[in-house]
There are 2 protein chains.
Amino acid sequence: MSFGGVGISPGNVAVYHGSCNVRAAERKVRIAELVLRVLILGLGVLAAALIGFDSEVKVIFSITKKAKFTDMKSLVFLVIVNGIVATYSLVQAVRCIVGMIRGSILFSKPLAWIIFSGDQVMAYLILAAVAAAAQSSVIGRFGQPELQWMKTCGLFEKFCNQIGEGIASSVVVSLCTVMLSCISAYSLFRLYGGNKGKSNSRW
Amino acid sequence: MSFGGVGISPGNVAVYHGSCNVRAAERKVRIAELVLRVLILGLGVLAAALIGFDSEVKVIFSITKKAKFTDMKSLVFLVIVNGIVATYSLVQAVRCIVGMIRGSILFSKPLAWIIFSGDQVMAYLILAAVAAAAQSSVIGRFGQPELQWMKTCGLFEKFCNQIGEGIASSVVVSLCTVMLSCISAYSLFRLYGGNKGKSNSRW
């Protein structure tokens with residue numbers, strides 16, 4: 001059975017062997033996916049390194065004060081999440097490369113579900129971590145006078161700037177994961193579009 | 001042209017007129033969507049009300065102190081986002097009901113793209129707002145001693161509990177939006193599965 005160049009083989013597995021147009025478009029999607037995954041890997045590691053290795057020491061009236069990322073739980077969470085997302089992207093990038101080297105793209109529904117679920121979890125995880133870290137950092141930068149939470153960035157300017165760069169990098173990572181989750185949703189749910197009479201459990 | 005009960009009519013519009021099985025499954029998906037949208041509407045309004053109308057006054061050594069949600073920018077953001085998400089859900093719920101009353105489900109790619117994009121934006125928006133508000137509230141509850149940010153919930157216990165209920169309600173809203181974004185991704189991308197030779201711009 002074939003729909004739009006997608007042949008459904010027994011065991012719910014689709015092998016793409018359609019026209020040149022379809023193959024070229026399929027290759028473009030795969031390349032976009034790979035580029036996004038490599039970007040996430042690189043920027044995720046960069047963000048984790050920028051935040052994780054950030055520290056600044058100041059001496060005020062002979063009292064030594066050191067700022068480090070572990071002072072703020074949300075930054076620790078962001079470093080951990082960046083690490084998880086980068087590792088996941090590395091695994092997925094390897095899968096992409098293997099798929100592209102093989103040439104013929106083998107795609108099964110269970111695998112598509114795993115990739116879709118993984119990408120969704122990563123997107124929501126990194127977005128939540130970025131939002132929490134950004135919120136803490138805004139308080140750190142501007143303070144929250146109503147609650148007597150004073151800004152700390154006046155003292156640790158260099159430390160705060162580097163944290164800001166790490167968060168900016170994480171924002172780009174989260175945008176990439178959002179785009180990837182759309183690609184994997186497309187890759188999964190189009191398998192449900194033309195599966196005519198193959199299975200009763202198509203929902 | 002028909003794939004799995006989906007007829008593609010001119011103008012890129014698909015009308016569902018397939019077997020009873022497909023119609024029953026389609027109805028289940030539509031009911032699930034409607035239930036989720038009504039849940040989001042109800043819980044979003046509840047969360048906004050719980051947070052927005054929360055306040056507590058304490059008198060300490062003849063000094064009156066009042067806690068209100070506007071003291072924390074992230075709570076203001078959460079109230080606004082809950083309002084946006086609830087309003088969006090109301091509009092979408094009406095669309096669902098109209099679609100169900102009509103009986104035959106008319107589904108176009110542009111409409112599916114609008115719903116998918118809207119659901120995605122809502123899911124990421126409410127998740128970011130919940131994460132930021134949760135982060136502020138955790139600092140409010142436990143403090144951040146390393147930065148001399150003292151906890152405020154010891155003094156305003158009732159206020160903090162009500163904020164916690166509002167955030168819990170928002171968490172359920174965000175889970176519902178995540179499920180909805182999966183449903184709308186399914187509704188959109190399955191349209192790309194069986195569109196054989198209809199258009200060259202299927203990617």
Side-chain angles (χ1 to χ4, degrees), chain A residues 2-6 18-19 21-22 25-26 28-29 67-68 70-74 77 116 120 123-124 127-136 138-140 142-150 152 174 178 181-182 185-198 200-203, chain B residues 2-6 18-19 21-22 25-26 28-29 67-68 70-74 77 116 120 123-124 127-136 138-140 142-150 152 174 178 181-182 184-198 200 202-203:
Chain A
S2 177
F3 302 100
V6 182
S19 68
N21 252 3
V22 172
E26 176 69 26
K28 272 184 199 166
V29 173
K68 50 194 190 302
T70 49
D71 292 341
M72 225 181 248
K73 299 290 172 288
S74 62
F77 182 53
F116 169 73
Q120 289 277 314
Y124 291 120
L127 196 87
V130 166
Q135 173 58 28
S136 292
V138 164
I139 299 174
F142 302 105
Q144 192 89 50
E146 300 89 347
L147 305 174
Q148 281 86 49
W149 295 346
M150 293 302 114
T152 55
S174 65
V178 168
S181 71
C182 289
Y186 163 76
S187 298
L188 169 63
F189 292 123
R190 68 176 172 167
L191 297 180
Y192 287 80
N195 198 358
K196 183 171 61 174
K198 185 74 200 164
N200 288 329
S201 60
R202 61 188 291 269
W203 301 88
Chain B
S2 177
F3 301 99
V6 183
S19 67
N21 252 2
V22 172
E26 175 69 26
K28 272 183 198 167
V29 172
K68 51 193 188 304
T70 48
D71 292 342
M72 225 182 248
K73 300 289 173 288
S74 61
F77 181 54
F116 169 73
Q120 288 277 313
Y124 292 119
L127 196 88
V130 166
Q135 172 59 27
S136 292
V138 165
I139 299 174
F142 303 105
Q144 192 88 51
E146 300 88 346
L147 305 175
Q148 281 86 50
W149 295 347
M150 293 303 113
T152 54
S174 64
V178 167
S181 71
C182 289
S184 60
Y186 164 77
S187 297
L188 170 64
F189 292 123
R190 68 175 172 169
L191 298 180
Y192 288 80
N195 198 357
K196 183 171 62 172
K198 186 71 201 167
N200 288 328
R202 62 189 289 271
W203 300 91

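Computation of the quantities below employed the complete heavy-atom set of this structure, encompassing side-chain atoms and omitting hydrogens, waters and symmetry-equivalent molecules. The sequence lines fix the lettering, A, B, ..., with proteins before strands; numbering per chain opens at 1.
- For F116(A), the part sitting under 4.5 Å from any heavy atom of chain B is the side chain, from C-beta outward, and nothing else.
- Options G140(A), S174(A), A132(A) differ in how many heavy-atom pairs under 4.5 Å they form with chain B, and the most are formed by A132(A).
- Both the backbone and the side chain of S136(B) come within contact range of chain A, judged by heavy atoms closer than 4.5 Å.
- Comparing V130(A), V138(A), L127(A) by how many heavy-atom pairs each has under 4.5 Å with chain B, the most go to L127(A).
- Using a 4.5 Å cut-off between heavy atoms, S181(B) touches chain A through its side chain atoms alone.
- Contacts of V178(B) with chain A are made by both backbone and side-chain atoms, with heavy-atom separations under 4.5 Å.
- Taking all atoms of both residues into account, the shortest heavy-atom contact from M72(A) to W149(B) is CE-CH2, 3.8 Å.
- Residue Q144(A) comes nearest to K73(B) through the heavy atom pair NE2-N, 3.7 Å, listed as atom of the first residue, atom of the second, then distance.
- In this structure, Y186(B) and F189(A) have perpendicular ring planes: the angle between them is above 60°, well past the 30° mark.
- Heavy atoms only, all atoms of each residue included: A131(B) and A128(A) are closest at CB-O, 3.3 Å.
- Neither the backbone nor the side chain of K28(B) comes within less than 4.5 Å of any heavy atom in chain A.
- Of all heavy-atom pairs between Q120(B) and C182(A), the closest is OE1-SG, 4.1 Å.
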